[in-house]
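Below you'll find the structure, written out as C-alpha cells, and then a few comments.
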Protein chains: 2
Amino acid sequence: MKTRDKILLSSLELFNERGERNITTNHIAAHLAISPGNLYYHFRNKSDIIYDIFQEYEKLVDYYLDIPEDRGLTLEDLTFYLESVFDGLWSYRFFHRDLEYLLDSDPRLRQDYREFTNRCLAAIDRIFGKLAEGGIIAPQPEELRSAMSLNVWLVITNWMAFLKTAHAADAQSNLTLTELKQGIYQVLTLELPYLTPEYRERVLVLREKYRPTLPVAQDQVVRQASVAGGAR
Amino acid sequence: MKTRDKILLSSLELFNERGERNITTNHIAAHLAISPGNLYYHFRNKSDIIYDIFQEYEKLVDYYLDIPEDRGLTLEDLTFYLESVFDGLWSYRFFHRDLEYLLDSDPRLRQDYREFTNRCLAAIDRIFGKLAEGGIIAPQPEELRSAMSLNVWLVITNWMAFLKTAHAADAQSNLTLTELKQGIYQVLTLELPYLTPEYRERVLVLREKYRPTLPVAQDQVVRQASVAGGAR
DNA sequence: CTATTATTAGAGTATATACTCTAGGCAGTC
DNA sequence: GACTGCCTAGAGTATATACTCTAATAATAG
C-alpha cells in the first residue's frame with residue numbers, strides 16, 4: 001500500500017480510537033514507523049489529512065443514500081439505509097466527536113459538511129416520501145416531514161455521543177457496533193406514530209431487533225436508584 | 001467580586017465564545033488582567049475550573065426541572081420547561097461542544113455528567129407522565145415513553161451543534177438565543193403525534209411561535225438547489 | 001503594632017505540537 | 001553510469017500550553 005494511503009488509514013484508526021484532539025501528526029508518523037518529514041511530504045498539514053478522510057466518508061454515505069427514483073421503498077430498503085448509515089458513522093466515528101472544532105479550523109470542510117448535511121436531510125426527506133409511496137408510513141404534509149427528517153438526523157448523528165457520554169462508566173470502555181446500532185431503535189421510535197396499520201406490526205418486530213439489551217438495562221437501574229434517592 | 005468568581009465568569013464567557021479548546025489558562029488570566037500564578041492560586045488546574053462551571057450548570061438545570069408531584073402539567077408548565085432548558089443550554093453552551101473530551105479528561109466530571117443525564121432523562125419521562133395526567137398527551141406505555149424521552153434529550157442537547165455546523169455559513173456568524181430556541185419547534189414536533197385532540201390545536205399554535213424563520217428558510221433554498229443539481 | 005494568613009505578580013519551565021529543512025536513497029531510463 | 005523524479009529519514013525549530021516557584025503585598029486577628 002502507498003504511504004499516503006497508509007497515513008490516511010492509520011490516522012482514521014487512531015482518530016477513531018483516541019479522538020482527533022489526542023492524536024498529533026507525530027503520533028501518526030510514529031505509529032506507522034515513518035518520519036514526520038515523510039508524513040509532511042504527503043500532506044501539507046493535519047487539516048489536509050482530515051479533509052481527505054472526510055471526503056471518503058462523504059462518498060461512502062452518498063453512495064449508501066442513493067435512493068431509487070422509480071419505486072416506493074420496502075422495509076428491506078429502510079433496514080438497509082439505517083444499517084448502512086450507522087456503519088458509516090461507525091467507521092468514521094471520530095468525525096462527529098470534534099465536529100465543531102474541525103469545521104472552525106477548515107473553511108473547506110465547513111462548506112462541504114454543510115452541503116453534506118443538506119444532502120443527507122434531503123435524502124431522509126425523500127426516504128420518508130418513498131416510504132409513504134411504499135405504503136409503510138402515512139403521507140405527511142411537507143412541513144412536518146422536513147421537521148421529522150431533521151429530528152431523525154439529530155438522533156442518528158448524536159446517538160454515539162450519547163452512548164459515549166452518558167452510557168459508558170469510564171473512558172476506556174469502548175463501545176461496539178452493536179451498541180451503536182441500537183440507535184436504529186431510537187430512529188424507528190420516531191417513526192412509530194406514522195406507520196400504516198398494515199406495516200405497524202412488522203416495523204415493531206424490526207425495531208425489537210435493535211432494542212438495547214444488558215448495558216442500558218443496567219443504566220436504567222442506576223437511573224431509577226438515582227431518582228429515588230436524589231429527588232429534591 | 002471575588003477573584004475566584006471572576007475567573008469562573010470569564011472562563012465561561014470565553015469558553016462559550018471561542019470554545020474550551022481554544023482558550024488557555026493564560027488567556028483567561030490575560031482577559032482578567034491577572035497573573036497566571038494568581039489564577040493557579042485559586043484553581044489547581046483548568047479541569048477544576050470546568051468542573052466548577054459544570055456544577056453551576058447542573059444546579060441550574062436541576063432547579064429548572066423540579067417537577068411538581070401533586071398535579072398534572074399545563075401547557076404553561078411545558079413552555080416553561082422548554083424555555084428554561086434552552087436558556088440553560090445557552091448560558092453554558094461551551095459545555096456540550098467539547099463534551100467527550102472533557103469527560104475523558106476528568107473522571108469526576110464523567111461520573112457527575114452521567115448521573116446528570118440520567119436525572120434529566122427521568123425528568124423528561126416524568127414530564128411526559130404529568131402531561132398525560134394534565135390531559136395534554138395521551139398516556140403511552142412505559143417503554144415507549146422512555147424511548148421518546150431519550151429522543152427528546154438527543155434533540156435538545158444537539159440542536160445547537162446542528163445550528164453551528166450545518167447552519168452557519170462561516171465560523172464567525174455566531175448564533176442567537178432566538179435561533180437556539182427554534183429547537184423547541186423540533187421538540188414539539190416529536191410530541192405532535194401523541195397530543196390529545198383537545199390540546200392539539202393549542203400546541204400547534206405554541207409550536208408555531210418557534211418556527212424557524214429567515215435563516216433556515218435560506219438554508220432550505222440552498223438545500224433544494226443542491227439536491228436538484230447534485231443528485232447522482 | 002505585630003504576626004499570621006490570604007492573595008497577587010511575574011518570571012520561568014518542562015513538555016508538546018505542528019511543521020521545516022537538508023541530505024540522501026532508490027527505481028527507472030537513456 | 002549518470003540523470004531524474006519520487007520518496008524517506010531525522011534532526012531541528014518556533015510557538016504554545018499548562019503549570020510552578022519565589023517573593024512581595026494586602027488583609028486580618030490578637
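A sub-4.0 Å separation between OP1 or OP2 of C:dT8 and a side-chain N or O of B:Tyr41 is absent. At C:dT8, one or more side-chain N or O atoms of B:Thr3 fall inside 4.0 Å of OP1 or OP2 (strictly under the cut-off). Here A:Ser35 does not reach the OP1 or OP2 of D:dG10: none of its side-chain N or O atoms lies under 4.0 Å away. B:His42 has a side-chain polar atom (N or O) that falls below the 4.0 Å cut-off from OP1 or OP2 of C:dT8.
Under 3.5 Å, the side chains of B:Gln186 and B:Gln182 contain no donor-acceptor pair of N or O atoms. A donor atom on one side chain and an acceptor atom on the other are not found under 3.5 Å apart for B:Tyr63 and B:Glu58.
Between A:Phe94 and A:Phe15, the ring-plane angle classifies as tilted under the 30° and 60° cut-offs.
Comparing the axis of the opening five pairs of the helix from C:dC1-D:dG30 to C:dC30-D:dG1 with that of the closing five pairs yields an angle of 10°, rounded to 10°.
Note that OH of B:Tyr57 is 13.0 Å distant from CD1 of B:Ile53, once rounded to the nearest 0.5 Å. Here the CD1-CD distance, from A:Ile50 to A:Glu20, works out to 4.0 Å after rounding to the nearest 0.5 Å. Once rounded to the nearest 0.5 Å, the distance linking CG of B:Asp98 with CZ of A:Arg97 reads 9.5 Å.
A donor-acceptor pair is defined here as one N or O able to donate and one able to accept, closer than 3.5 Å; no such pair exists between the side chain of A:Ser10 and the backbone of A:Ile7. Using a distance-only test at 3.5 Å, with no hydrogens or angles considered, a donor-acceptor pair links the side chain of B:Asn22 to the main chain of B:Arg18.
If you check every strand for non-hydrogen atoms under 4.0 Å, B:Ile34 touches sugar and phosphate atoms only. Across all strands shown, A:Ala33 has heavy atoms under 4.0 Å from sugar-phosphate atoms exclusively, and none from any base.
Here the P atom of nucleotide C:dT7 and the NZ atom of B:Lys2 are 6 Å apart, to the nearest Å. B:Phe43 has its CZ atom 15 Å from the C1' atom of C:dT8, to the nearest Å. Atom NZ of B:Lys6 is separated from atom P of C:dT7 by 13 Å (rounded to the nearest Å).
Checked against the 6.0 Å centroid threshold, A:Phe95 and A:Tyr113 count as a close aromatic pair.
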### Query
Can you give one letter per nucleotide of nucleotides 14-26 of chain C, going 5' to 3': B for a protein heavy atom under 4.0 Å from the base, S for sugar-phosphate only, - for none?
---SBBBB-----
